[in-house]
Amino acid sequence: MATLLPEDRARFHRDRRTNKTGFIGVTWKAREGMFVARIRVPGKKEKVWCGSSKTAKGAAIKYDIKARELFGVDAVVNFPEPALTETRE
């Protein structure tokens with residue numbers, strides 16, 4: 001399980017403010033016509049694929065599931081309640 005340093009956590013929160021979808025790790029891919037979720041893991045060059053969805057919220061849920069899988073309780077997520085991520089869209 002990877003660990004997040006305080007500066008990494010700050011970068012995730014900064015990304016949420018500048019992201020047009022309003023969700024961490026979620027972007028719109030016009031060519032596919034879907035929202036995609038990817039997560040950056042410290043120490044790796046490429047982002048880890050979390051999944052895609054027709055809605056930004058669905059992609060954000062997939063991001064949260066993968067973030068909790070990779071970082072555990074240190075994960076920076078879109079929805080603080082784990083129960084919200086149990087139902088996928």
Side-chain angles (χ1 to χ4, degrees):
M1 192 175 300
T3 58
L4 287 175
L5 299 173
E7 57 268 17
D8 293 327
R9 292 181 68 82
R11 182 174 42 80
F12 280 114
H13 291 289
R14 181 178 60 248
D15 289 347
R16 176 184 276 175
R17 288 193 307 266
T18 60
N19 185 336
K20 291 180 181 178
T21 66
F23 295 108
I24 298 171
V26 177
T27 56
W28 171 253
K29 292 295 180 187
R31 188 168 55 181
E32 290 87 9
M34 299 190 92
F35 291 92
V36 297
R38 295 181 299 168
I39 189 168
R40 185 179 309 275
V41 178
K44 288 190 175 184
K45 272 188 172 183
E46 296 185 13
K47 293 181 179 181
V48 176
W49 178 260
C50 301
S52 62
S53 177
K54 292 183 179 182
T55 66
K57 182 178 180 182
I61 290 170
K62 291 178 182 185
Y63 174 93
D64 286 3
I65 291 168
K66 188 63 142 182
R68 285 189 175 97
E69 184 181 302
L70 292 171
F71 301 112
V73 295
D74 291 333
V76 177
V77 294
N78 293 294
F79 305 104
E81 295 297 321
L84 294 176
T85 61
E86 290 175 3
T87 58
R88 293 187 182 201
E89 286 190 25

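Nothing fancy with the numbering, it's 1 onward along the sequence. Please read these numbers as outputs of a predicted model, since none were measured by experiment.
Going from atom CD1 of I24 over to atom CZ of R40 covers 13.0 Å, rounded to the nearest 0.5 Å. Remark: R38 CZ to E46 CD distance equals 9.5 Å, nearest 0.5 Å.
Using a 4.5 Å cut-off between side-chain heavy atoms of Ile, Leu, Val, Met, Phe, Trp and Tyr, W49 falls into a hydrophobic cluster with V36.
In this structure, P42 and F71 have side chains that are in contact, with non-hydrogen atoms separated by less than 4.5 Å.
Here the closest non-hydrogen pair linking A37 and A59 is CB-O, 3.3 Å. The two atoms that bring R68 and P80 nearest to each other are NH2-O, 3.3 Å, heavy atoms only.
Aromatic rings of F23 and F79 (six-membered ring for Trp) have centroids within the 6.0 Å cut-off, being under it.
Among residues two or more places apart in sequence or in another chain, the side-chain contact (heavy atoms from CB on, under 4.5 Å) test is passed with K54 by M34.
Screening residues 21-36 for side-chain hydrogen bond (donor to acceptor under 3.5 Å, both in side chains), with sequence neighbours left out, gives N19-T21.
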